[in-house]
Structure formats: structure tokens, C-alpha cells
Amino acid sequence: MFTREEIIEILTDESDDNLSLLCSDAHRIRVENRGESIFLRALIEFSNRCQKNCLYCGLRSSNIDTSRYILSEDQIIACAVKSYNIGYGSIVLQSGERRDREFISFVTKVIKEIKRFSDNKLGITLSCGEQNEETYREWFEAGAHRYLLRFETSKEENYYRLHPKDRFHSYSDRINAIKTLKKIGYMTGSGFMYNLPNERVEDIADNLLFLKELNVDMVGMGPYIPHHETPLYEERNLVRLKEKSDIMKLALKSIAILRHLMPHINIASTTALQVIDNQGREKALASGANVLMPNLTPDTLRENYSIYDNKPGVKEDSELISLPFPIAYNEWGDTI
Ligand code: SAH
Ligand code: SF4
């Protein structure tokens, strides 16, 4: 178990030998606690409509440059059936944030239908932003059992550098939403972005320790990648690391440190890593990560789900993945 000082020391250490030692240790810890196999979650980005205005994200409501969509129930079910047939035991339904009744009921209906056709075999993770407790319960009772909600950054003052300060964006609401998800009984995932403008190494250490404090079941964290139609784009030169290779090292360090801090959780090798290194996801899986999220969003709509610039998988067919690790097919891959 690392202290805050030790984490900061690792994050600032420039030795490649130390990094590979840290990563191989983390890999060993992962295999001991979560097994050899990689778990899969098929990602379905079912809507890019969003009521929020996060300063970093291309889906923010003020971006009029994106054409908005929501998949029909049939289209989502078709993706879910495809996942089921390939043997991806679990799917993630991700979207922009909406809190209107029409949207809430739509998601409930889709969850129930997926549970019905798969005879409860397909695991469902949601990532649809902040909702009230009643909505989270409705979706849980319909059959969703996991939820992903990143806190984005653990310090309140940093949070408001990334979000407008209004009723849609409240630091305490975000943190309380994560706690509510846990209380209801969801396997709860959270995480943060790193290499944000004006970020200090200490912030990353605090983010990692905050995940431990929240005691989450899974983590997805990834590099901030500027999107040209967002306010934060203006600050893109204020990031600490400019070289992709340095950002990749930070990614591996963060994953490996977290695996030391939380041996039993699921850690995703996130899509954004692929933007900075074409072997990024594989390297992460050899450094403590154990979950991969192949994108199953229909090809024609993927380019509209543009959270950041140069998002991978927009053209590639990511169904076909070849990895140097065994893959757990037809499993939910929950933590104990
Ligand atoms: N609307 C939901 C889920 C979709 S966004 C939510 O916000 O929770 C999913 C994640 O994309 C966010 O949590 C954020 O961490 C990440 N993201 C958004 N913009 C990004 C950017 N420019 N670079 C890297 N990650 C980004
Ligand atoms: Fe909407 Fe999520 Fe993007 Fe924020 S990060 S603008 S909530 S899609």
C-alpha cells in the first residue's frame, strides 16, 4: 500500500526500469486477484444528446456542430443481440445526460427487453450520468447491475475549472450520486481524467487515493484529449505532458499504482489510450488493467459520438480483437 508521498514519487520518477518493474508487479497482483482472463464489456453509445455543458466534452449541449441522435429500442436490442451472440457477457449502455421522464422510461424499457431476450444472461452496465435516487432505483430494479460515473477530478476547486458552476454541474451532487449508486447496490465504477490543463502531480495522487476512499468496484480513467469545439480547447497548451509517450507512461503508472492500492477491483483499459499509443490498450492490460470495452455502436453513428478529437474505433471494426491474454467469454466478470 503506497502512501501519498510514495505515489507522488512514482509519478515523478523518470526511470523506465522502475516503470517496468512497477507494471510487472501490478500485472502479477492483477492475475493473483482477478485471474489471467480479460473481461469484456461491449460499449453501445446509444445517444449523444446531453443537457450538460462540461467544458472538455464534444457532446456538451452548447456544441451545435454535432448532429444529435438516439438509437431506437430495436437498434439497441440488435447491438445487444450481437454482443450476446459473439459471447461478450456484458454490455455498457452509455449516453449523454438527460433526466426527462421520456428518456428514463426508455432506458427502463430497453433494460427489461435485454434481460428478457437474453434470459438474464447479459450483464448490463449503465453510464448515463447523474440521476436522482428514484431513477437509479428504477433502472436497478429493471435489471441494470453496474453503473459508471466518473468524478472526473477529486478536488472541488479543480472540478469547477472543468464545469460551469450552475444547477446542472455540482461537485457535491456528482460525489453524492456515486455514493447513492453504491447504496442501492450497483457495482459502481468511477474514475477521472489525467493530464488536464493546469494539473499537478499531487492532483493525480489525490485522485487515485480518492478512488480507494470511495471504495469503488471498478475504475475507468483516461487521458484528457482536447476537443476543438469546447471551451477547454483554449487551454490545451497548459497540460503538463505534451509528448504522447509521456502521457502513455503516466497512464501505465496510474493503472499500476491503482492495482497496488485496490488489488480486487476491475480496471478498464480505456479507449482513449488508443489515441495516444496504438498499442495502448494492450500495454495497459499488461500493467494491472483487466477489462476491455470493444465498441459496438453502429458504424454510421460512431463519428457523432465525438467526446474528444480523433476518437478511435470510428472507422475500425473493433469486434475482432486479438490479445495476448485469455478472454473470458459469456461472463459478467463482477468483483467479489
Ligand atoms: N454523460 C456521461 C457518460 C458519457 S461521457 C457522463 O458524463 O458521465 C463519459 C466520459 O468521457 C466522461 O466521464 C469523461 O471522463 C470522458 N470524457 C469526456 N470528454 C473527454 C475528453 N475531452 N477527453 C477525455 N475524456 C473525456
Ligand atoms: Fe454530457 Fe457526459 Fe459529455 Fe458532460 S461528459 S457533456 S455529461 S456526455
Side-chain angles (χ1 to χ4, degrees), residues 41 43-66 68-70 92-99 103 107 125-131 135-136 139 146-154 158-164 166-171 173-175 177-178 180-181 186 188-197 199 207 211 216 218-236 239 241 244 247 250-251 254 268 270-276 280 293 295 297 304-313:
R41 321 266 183 254
L43 179 64
I44 305 171
E45 298 154 332
F46 71 94
S47 175
N48 66 355
R49 293 190 187 141
C50 187
Q51 64 179 18
K52 287 181 102 169
N53 233 340
C54 307
L55 301 177
Y56 44 84
C57 176
L59 303 191
R60 65 198 305 273
S61 56
S62 295
N63 181 11
I64 49 164
D65 219 39
T66 297
R68 305 286 169 164
Y69 71 87
I70 179 160
V92 181
L93 298 177
Q94 194 181 69
S95 70
E97 184 174 303
R98 277 175 60 186
R99 300 181 196 169
F103 178 76
V107 174
T125 305
L126 297 178
S127 177
C128 307
E130 284 161 54
Q131 306 287 340
T135 303
Y136 283 151
W139 290 344
R146 291 198 191 103
Y147 206 103
L148 301 176
L149 191 71
R150 291 180 174 181
F151 51 77
E152 315 297 358
T153 183
S154 68
N158 292 346
Y159 190 85
Y160 290 115
R161 289 197 196 132
L162 303 176
H163 303 92
D166 61 24
R167 70 186 176 95
F168 282 120
H169 309 79
S170 149
Y171 172 78
D173 285 357
R174 188 90 180 165
I175 305 302
I178 297 169
T180 302
L181 289 164
Y186 281 99
T188 304
S190 195
F192 59 89
M193 289 178 282
Y194 42 77
N195 207 36
L196 286 157
E199 180 180 77
N207 287 338
L211 286 167
V216 293
M218 49 190 182
V219 169
M221 48 191 179
Y224 159 66
I225 299 167
H227 185 291
H228 65 285
E229 288 291 344
T230 60
L232 210 66
Y233 193 71
E234 300 299 317
E235 296 179 30
R236 66 191 179 283
V239 297
L241 304 175
K244 285 185 176 173
I247 303 172
L250 172 61
S254 304
T270 48
T271 319
L273 290 181
Q274 213 66 357
V275 181
I276 50 171
M293 294 162 69
N295 195 330
T297 309
N304 291 330
Y305 200 85
S306 171
I307 289 178
Y308 44 78
D309 289 342
N310 306 315
K311 191 160 162 276

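We count ligands from 1, going down the list as the structure has it; atoms in each ligand are counted the same way. Remember, it's a predicted structure, so these values are computed and weren't measured experimentally.
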>> So, taking the atom named OG1 in T153 and the one named CG in N207, what distance separates them when rounded to the nearest 0.5 Å?
In response: 4.5 Å
>> Closer than 2.8 Å to atom 3 (Fe) of ligand 2, what protein N/O/S atoms do you find?
In response: C57 SG
> With H163, which of Y171, F168, Y56 fulfils ring-ring contact (aromatic ring centres under 6.0 Å, His included)?
Replying inline: Y56
> Are any of the side-chain heavy atoms of W139 and Q131 separated by less than 4.5 Å?
Replying inline: yes
> Between H228 and Y233, what is the ring plane arrangement, given parallel below 30°, perpendicular above 60°, and tilted in between?
Replying inline: perpendicular
>> Side chains of Q94 and Y305: any donor to acceptor distance under 3.5 Å?
In response: yes
> Between R60 and N63, do the side chains contain an N or O donor and an N or O acceptor separated by less than 3.5 Å?
Replying inline: no
>> I'd like to know if atom 2 (Fe) of ligand 2 has any protein heavy atom within a distance of less than 4.0 Å.
In response: no
> Who are the residue neighbours of ligand 1 when the rule is a heavy atom under 4.0 Å from any of its atoms?
Replying inline: Y56, C57, Q94, S95, G96, S127, G129, L149, R150, E152, R174, M193, P223, Y224, I225, Y305, I307, Y308
> Considering only heavy atoms from C-beta outward, does the side chain of H169 approach that of N53 to under 4.5 Å?
Replying inline: yes
> Taking atom CD of E97 and atom NZ of K52, what is their separation to the nearest 0.5 Å?
Replying inline: 4.0 Å
>> Measuring from atom CD1 of I70 to atom CG of N48, what distance do you get when rounded to the nearest 0.5 angstrom?
In response: 9.5 Å
> Which word best sums up how the rings of Y136 and Y147 line up, parallel for under 30°, tilted for 30 to 60°, or perpendicular for over 60°?
Replying inline: perpendicular
